[in-house]
Amino acid sequence: MTKHNAAQAGTEHDQQQQAFRLLVTGGGTGGHTYPALTTIRTLQARLADQGRTVEVLWVGNAAGLEARVTADQGIPFQAVATGKIRRARNPLKMLSRANLTDMARVPLGVVQARSAVARFRPDVVLATGGYVAVPVGVAARVCGRPLVIHEQTLRLGLANRVLAQVAARVAVSSESTLPLLSAATRKRAVATGNPVRAEVLTGDADRAVKALGVQGFDRALPTVYVTGGAQGARQINELVSSILPWLLERANVVHQCGTAAVEGQRECAAGLPADLAARYLPVDFIGAELPDVFALADVIISRSGAGTIAEVTALGMAAVFIPLASSAGGEQAHNARHLAEQGAAAALLGADVTAADLQDAVAPLLADPQRRHAMADLARAQGRPDAADRLVDVVLDAARERR
Ligand SMILES: CC(=O)N[C@H]1[C@@H](OP(=O)(O)OP(=O)(O)OC[C@H]2O[C@@H](n3ccc(=O)[nH]c3=O)[C@H](O)[C@@H]2O)O[C@H](CO)[C@@H](O)[C@@H]1O
């Protein structure tokens with residue numbers, strides 16, 4: 001080997017040994033937080049196979065779910081100031097005190113984000129949506145670092161619409177998003193799917209029974225998992241409460257109802273006959289047990305946020321979706337309707353869904369295992385369990401192009 005070749009081989013070796021630096025931003029809700037977390041874990045596993053490590057910095061909102069998740073996962077986290085702009089039909093209402101206070105925080109967030117990006121010198125900045133992503137994505141552009149954005153929902157959210165203008169790559173969760181993008185954005189877009197946490201796919205039903213302490217569940221009956229998203233959903237809580245005795249005659253129920261509602265749901269169960277009450281578990285939030293709860297459940301009753309949809313389709317589960325009626329652009333309703341059209345879920349749309357509607361949708365799934373298996377198979381056909389791998393490809397491509 002010549003001196004020159006040896007030096008070149010040495011440089012390549014050094015590059016291989018150097019840590020890949022990924023700055024992540026995004027959060028607020030689970031829908032933005034978990035895809036980013038999954039992508040970090042998948043990138044770490046991919047590069048570990050090549051003998052490389054990944055250094056991560058997550059820049060987010062101290063009050064968002066990302067702060068809690070990064071603390072749990074031991075991921076370095078830096079908070080920046082953010083402002084949430086509340087939309088209103090009347091433009092004057094946009095100038096509410098809350099909006100004005102929040103807007104005043106935006107310049108501070110931009111300064112903090114810029115110094116975080118400049119100091120960390122990331123190979124790539126990955127933004128997964130939420131207000132906090134805007135200043136960080138803009139800072140990536142200012143500092144000349146490639147920005148990859150990922151959108152979970154069919155239509156780009158507000159933050160991603162802004163950042164799509166400056167992103168090197170725009171990863172989306174569904175092919176049907178591509179025609180909705182401008183021609184300029186479409187050139188940089190790729191449909192990866194929406195990453196699902198790997199552990200979600202490997203739950204264990206028996207472990208759920210132990211971890212949740214629900215020995216009173218009758219395992220001869222199906223189990224229903226009710227969830228309103230990380231904060232619970234009042235509409236779903238009320239609907240389920242009004243059919244609770246009927247439901248518990250036919251099923252065990254794990255009801256994730258949010259912190260504000262859990263006490264009330266416990267009281268509701270206290271009035272039930274003991275054998276029915278033993279089959280009901282209200283919980284505020286499901287953390288590490290989530291994969292096991294999915295494994296235990298035969299049917300899910302849920303909001304149709306993009307994260308939950310990705311999980312339910314990756315797993316293949318029978319589902320009754322009750323979308324949030326006011327979600328921006330009717331995006332949750334679209335998600336639910338799309339699956340219902342394929343026979344992959346039941347969808348109860350609109351703000352005036354009744355308890356009878358819910359009962360009618362759930363009854364056949366509880367009564368007939370074949371029916372729920374058929375629905376689960378159709379749901380699985382819509383799933384993209386390889387989404388995290390595809391998004392990691394996009395991140396690595398963006399880093400390579402920069403060199
Ligand atoms: C009110 C609102 O703005 N909702 C939006 C928000 O959904 P939001 O984040 O509320 O809901 P998603 O379904 O997207 O994600 C919820 C995530 O939290 C997990 N989970 C939930 C409950 C629990 O106890 N434990 C737990 O881990 C779910 O399994 C899922 O992974 O972002 C989504 C993705 O951009 C959008 O599609 C939704 O329209």
Side-chain angles (χ1 to χ4, degrees), residues 26 28-36 38 128-130 149-161 170-181 189 191-197 200 225-233 235-236 239 256 290 294 297 299-353 357-358 361-362 365 372 375-385 387-388 390-391:
T29 65
H32 300 305
T33 305
Y34 293 124
T38 305
T128 56
I149 64 173
H150 176 262
E151 175 59 53
Q152 300 85 49
T153 69
L154 185 81
R155 294 184 196 87
L156 297 195
L158 193 56
N160 276 343
R161 278 208 299 279
V170 177
V172 297
S173 296
S174 161
E175 259 87 16
S176 34
T177 300
L178 299 173
L180 305 177
L181 302 174
T192 56
N194 189 12
V196 170
R197 290 171 277 174
V200 165
Y225 170 42
V226 180
T227 171
Q231 289 166 11
Q235 181 198 22
I236 294 182
L239 288 169
Q256 183 267 322
L290 183 79
F294 272 131
V299 176
I300 180 169
I301 299 174
S302 176
R303 284 285 191 234
S304 43
T308 306
I309 294 269
E311 290 162 353
V312 167
T313 54
L315 284 162
M317 275 182 93
V320 177
F321 288 117
I322 309 174
L324 178 69
S326 63
S327 86
E331 171 269 318
Q332 288 204 9
H334 175 91
N335 293 339
R337 202 181 298 114
H338 172 73
L339 289 181
E341 280 164 8
Q342 318 292 319
L348 303 179
L349 305 172
D352 50 4
V353 176
D357 295 334
L358 178 59
V362 177
L365 298 174
R372 52 179 191 264
M375 187 184 265
D377 287 345
L378 289 168
R380 198 174 302 109
Q382 302 286 320
R384 316 250 328 221
R390 301 183 61 163
L391 184 51

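These figures come from a predicted structure and were not determined experimentally.
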Answer whether the closest heavy-atom distance between the side chains of [X] and [Y] falls below 4.5 Å.
{"X": "Val312", "Y": "Leu339", "value": "no"}
{"X": "Thr128", "Y": "Glu151", "value": "no"}
{"X": "Arg155", "Y": "Leu180", "value": "yes"}
{"X": "Phe321", "Y": "Leu348", "value": "no"}
{"X": "Ile236", "Y": "Leu358", "value": "no"}
{"X": "Gln342", "Y": "Leu378", "value": "no"}

With distance as the sole test, does [X] use its side chain to make a donor-acceptor pair with the main-chain N or O of [Y] at under 3.5 Å?
{"X": "Thr313", "Y": "Ala379", "result": "no"}
{"X": "Asn160", "Y": "His150", "result": "yes"}
{"X": "Gln256", "Y": "Val226", "result": "no"}

If every non-hydrogen atom of [X] is compared with every non-hydrogen atom of [Y], which pair is closest and at what distance?
{"X": "Pro195", "Y": "Leu391", "value": "CG-CD2, 3.9 Å"}
{"X": "Ala159", "Y": "Gly130", "value": "CB-O, 3.3 Å"}
{"X": "Thr33", "Y": "Gly28", "value": "OG1-N, 4.1 Å"}
{"X": "Leu178", "Y": "Ala189", "value": "CD2-CB, 3.8 Å"}

Practice task
Any chance you could measure Asp357, atom CG, to Leu349, atom CG, to the nearest 0.5 Å?
Solution key: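 Those atoms lie 10.5 Å apart.
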Exercise for the section: Write out all pairs satisfying salt bridge (charged side-chain N to carboxylate O under 4.0 Å, His left out) with one or both partners inside residues 338-353, taking only residues at least two apart or from two chains. Expected result: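 Qualifying pairs, neighbours excluded: none.
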Practice task
Tell me, please, which residues at least two apart from Gln382 pass side-chain hydrogen bond (donor to acceptor under 3.5 Å, both in side chains).
Solution key: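 Residues passing side-chain hydrogen bond (donor to acceptor under 3.5 Å, both in side chains) with Gln382: His338.
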Exercise for the section: Taking side-chain hydrogen bond (donor to acceptor under 3.5 Å, both in side chains) as the test, write out the residues that go with Ser174, two or more places apart. Expected result: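 With sequence neighbours excluded, Ser174 shows a side-chain hydrogen bond (donor to acceptor under 3.5 Å, both in side chains) to Ser176, given in chain and number order.
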Taking only distance into account, with no hydrogens and no angle test, what donor-acceptor pairs under 3.5 Å do side-chain atoms of residues 299-311 form with protein atoms, sequence neighbours excluded?
unit_1: Arg303; atom_1: NH1; unit_2: Gln235; atom_2: OE1; d: 2.8
unit_1: Arg303; atom_1: NH1; unit_2: Ile322; atom_2: O; d: 2.9
unit_1: Arg303; atom_1: NH1; unit_2: Pro323; atom_2: O; d: 3.4
unit_1: Ser304; atom_1: OG; unit_2: Gln332; atom_2: O; d: 2.8
unit_1: Glu311; atom_1: OE2; unit_2: Arg197; atom_2: NH2; d: 3.3

Problem - Residues which pass ring-ring contact (aromatic ring centres under 6.0 Å, His included) with Tyr34, listed by chain and number, not counting sequence neighbours - result: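 Per chain and number, Tyr34 pairs via ring-ring contact (aromatic ring centres under 6.0 Å, His included) with no residue.
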Exercise for the section: Just jot down the side-chain contact (heavy atoms from CB on, under 4.5 Å) partners of Ala340, sequence neighbours excluded, or say none. Expected result: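 For Ala340 the side-chain contact (heavy atoms from CB on, under 4.5 Å) partners, ignoring immediate neighbours, are Ala347.
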Exercise for the section: Sequence neighbours left out, what passes side-chain contact (heavy atoms from CB on, under 4.5 Å) with Arg390? Give chain and number order. Expected result: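 side-chain contact (heavy atoms from CB on, under 4.5 Å) list for Arg390, sorted by chain: Thr192, Arg384, Asp386.
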Problem - Set of residues satisfying salt bridge (charged side-chain N to carboxylate O under 4.0 Å, His left out) with respect to Arg380, sequence neighbours excluded - result: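 With sequence neighbours excluded, Arg380 shows a salt bridge (charged side-chain N to carboxylate O under 4.0 Å, His left out) to Asp377, given in chain and number order.
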